[in-house]
Amino acid sequence: LSLHDALPILKKFLISYDLSAELYLQEYEYKHDFNHKKFYFPKSITPKDVENIFLKYIEKTTHVGYLNVIAQMQNDRIVLSDELKLQAKRKAKEKTNSLFGESRGIQFGAEVSFQKQKEPVIISNSKGGLFVKYIYSEEWIENNLDYPTLFNNFIYLFEFVDRQFRLSFISKPTELGLFEGVLQGQTVKEYTKGIYFELKQMTALIQMTAYYNLLMRYEIYVEDLIDWFFSKYLKNEFSIDSYGITLPSKGTSALEKCRTIFPEIDGILKQFNLFVEHQKIDNDLLQISTNSIPISCYKSLIKKKYVYGCGDDFNRMCFCLFSNQSSLHYNEKYPKIGSFYNLIRDKNLKYDEFSEYNKVDLNWLIEKDIVYISNSYVKFKDEYLCIVLYDLYKNQVCSYHHMPQVLKDRLDFLVSNNYAKFESTLLTRQEADYFDYYLNDHKFSNGLKLRNKYLHASHASKDREDEHSRNYITGLY
């Protein structure tokens, strides 16, 4: 049967097949891993055919994840009517309600307080880390009211960044549970949000609110700290004396503060970009510049700043070593070990203890010099290499200049062998996505669009003061 003769048969099958919509979604909406095999659809399938395929699917499916994706789709390859998206949205809500009933679903929360204690912070958690309690020392704050220390509290006390100065709030695929992936999926146009991501956002908001209110008792405003950073710290430490920033007046409403702070973020970023390009901030040039720069494209003064894994071989390495979805990690003697890396690191296993099926991946790791066989036992060739691979797997990026030399050498090895690449931008890719999710509307279909909403006055109601207050605190951190 020739391809020409097969196409009409394939078209007929796709139009009649109940799950054809899922094939379209998997190809054009969902993120692909290294195992993905590309789907090809006959060009003779018309937009009306596609609409009917999805209509039939919505009527029959109970898959909440796919229904939510259809409801939020913005894809040139799959153009669906608004009526169809609304139908998917209503069906998803109906199925979600029937799935959880009166249950409140998975509960999580955070508590933050300042108390009289010597320890800077005491952290406790329960229910698998889904309830976190932070008690901070008010004495520490009271005895250290100088601006540099108050500013450094965001780093060392609240841990808004990690030891490599990567933003802590971002969404990470490794923090998603399997159940979340089934319900939500990971589409190209959606910012992926799981329970731990929401917990981190909740925690940061409460931390910032509590800190803001505490400092006000000492007649210090967080806005004053921000102004000090741009007007004094940058001038004294880096001889940058022309950085301009407009902060809200203290007596204005939360709505007016939001209208000031969110558009101001653009100005801060553009000034930094000018400084990188010209080693100074030319305010006249800033005023006439009309270029819109994506957040991901703002430059850095530091060369080889970030390292990202790349390529199918890198993805396969990390999947085999660290994923609990890799069959390599399962062993009858140790069924609860979470990954192949942990299995080999913590237990002595012989090559022959792995099934023939798993030896395909194991032999591939041997071929790539990740593991080797010593007296019949499986061993890691380079433990330091595994450390940087795990960091890249877990966090998706390494900050090169915050690594010790022994780990820099391994990152250089990965780059020289095309398993990783350097980039020099102000923010990591993941941080840029995080800011896009909160501020803008062009990248993510589920973005909060705070900058756009306040810039274009679509959040104009003063009756929503609590919402504006939360958004303002969010804008500050």
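Here the side chains of Phe435 and Ser296 are not in contact, with every heavy-atom distance at 4.5 Å or above. Looking at heavy atoms from C-beta onward, Asn440 lies in side-chain contact with Ile295 at the 4.5 angstrom threshold. The shortest distance between side-chain heavy atoms of Ile268 and Asp266 does not fall below 4.5 Å. By the 4.5 Å heavy-atom criterion applied to side chains, Val276 and Tyr298 are not counted as neighbours.
Under the 30°/60° scheme for interplanar angles, the aromatic rings of Tyr233 and Phe229 are found to lie parallel. Ring-plane geometry between Tyr434 and Phe169 is classed as tilted, the angle between the planes lying from 30 to 60 degrees on a 0 to 90 degree scale.
Using modelled atom types, one finds a donor on one side chain and an acceptor on the other under 3.5 Å when comparing Tyr212 with Glu223. Side-chain atoms of Asp346 and Tyr334 include no donor-acceptor pair closer than 3.5 Å. For Asp146 and Thr149, the side-chain atoms include at least one donor-acceptor pair closer than 3.5 Å. Using modelled atom types, one finds no donor on one side chain facing an acceptor on the other under 3.5 Å when comparing Glu138 with Gln115. In the model, Tyr437 has no side-chain atom that pairs as donor or acceptor with a side-chain atom of Asn446 under 3.5 Å. Under 3.5 Å, the side chains of Lys379 and Asn348 contain a donor-acceptor pair of N or O atoms. A donor-acceptor pair shorter than 3.5 Å cannot be found between the side chains of His329 and Tyr341. Between the side chains of Tyr438 and Gln201, a donor-acceptor pair is found at a separation under 3.5 Å. Side-chain polar atoms of Asn395 and Lys172 form a donor-acceptor pair below 3.5 angstrom.
In this structure Asp433 satisfies the side chain to side chain donor-acceptor pair (under 3.5 Å) test together with Lys443, sequence neighbours excluded.
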Quick one: do Gln72 and Glu190 satisfy side-chain hydrogen bond (donor to acceptor under 3.5 Å, both in side chains)? Show the steps, please.
CA-CA 8 Å; Gln72 299 184 62; Glu190 265 196 317; 3.2 Å; yes
The test is side-chain contact (heavy atoms from CB on, under 4.5 Å); show your working for Asp361 and Phe319 and say whether it passes.
CA-CA 10 Å; Asp361 283 333; Phe319 180 80; 5.8 Å; no
Ring pair (Phe, Tyr, Trp, His ring centres under 6.0 Å) between Phe108 and Phe131, worked out
CA-CA 5 Å; Phe108 58 93; Phe131 283 85; 8.0 Å; no
Determine whether Tyr211 and Phe154 satisfy the following criterion, ring pair (Phe, Tyr, Trp, His ring centres under 6.0 Å), listing intermediate values before the conclusion.
CA-CA 10 Å; Tyr211 193 46; Phe154 293 116; 5.3 Å; yes
Before you tell me yes or no, could you show the steps for Gln405 and Asp409 under side-chain hydrogen bond (donor to acceptor under 3.5 Å, both in side chains), namely the whole-Å CA-CA distance, both residues' side-chain angles and the distance that decides it to 0.1 Å?
CA-CA 6 Å; Gln405 188 59 49; Asp409 292 341; 2.8 Å; yes
Show, in sequence, the C-alpha distance, side-chain angles and deciding distance for Ile141 and Tyr136, and conclude whether the side-chain contact (heavy atoms from CB on, under 4.5 Å) test is met.
CA-CA 9 Å; Ile141 303 298; Tyr136 295 103; over 6 Å; no
Starting from the C-alpha separation in whole Å, work towards a yes-or-no answer on side-chain contact (heavy atoms from CB on, under 4.5 Å) for Val121 and Ser137.
CA-CA 6 Å; Val121 59; Ser137 170; over 6 Å; no
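Sparse packing is recorded around CH2 of Trp140, with 12 or fewer heavy atoms of other residues, nucleotides or ligands lying under 6.0 Å away. Within a 6.0 Å sphere centred on CZ of Arg90, heavy atoms belonging to other residues, nucleotides or ligands number 12 at most. Around OH of Tyr218, the count of heavy atoms belonging to other residues, nucleotides or ligands within 6.0 Å exceeds 12. Heavy atoms of other residues, nucleotides or ligands lying less than 6.0 angstrom from CD of Glu219 number 12 at most. A 6.0 Å sphere centred on NZ of Lys270 holds more than 12 heavy atoms belonging to other residues, nucleotides or ligands. Around the OH atom of Tyr308, the shell of radius 6.0 Å holds more than 12 heavy atoms that belong to other residues, nucleotides or ligands.
The side chain to side chain contact (heavy atoms under 4.5 Å, CB included) test with Ile337 singles out one residue from Leu343, Asn331, Asn324, and that residue is Leu343. For the salt bridge (Lys or Arg N to Asp or Glu O under 4.0 Å) criterion with Asp391, the lone passing option out of Arg163, Arg166, Arg410 is Arg166.
With salt bridges taken as basic N to acidic carboxylate O contacts below 4.0 Å, one links Arg259 and Glu256. Here Lys116 pairs with Glu142 in a salt bridge; the nearest charged N to carboxylate O distance falls below 4.0 Å. Of the charged side-chain nitrogens involved, none lies within less than 4.0 Å of a carboxylate oxygen, so that Lys303 and Glu423 do not count as a salt-bridged pair.
Using a distance-only test at 3.5 Å, with no hydrogens or angles considered, no donor-acceptor pair links the side chain of Ser323 to the main chain of Cys320. With Lys200 contributing its side chain and Ser168 its backbone, the two residues share a donor-acceptor pair below 3.5 Å.
The aromatic ring centres of Tyr66 and Tyr30 sit less than 6.0 Å apart. Two rings, from Tyr191 and Phe444, have their centers less than 6.0 Å apart.
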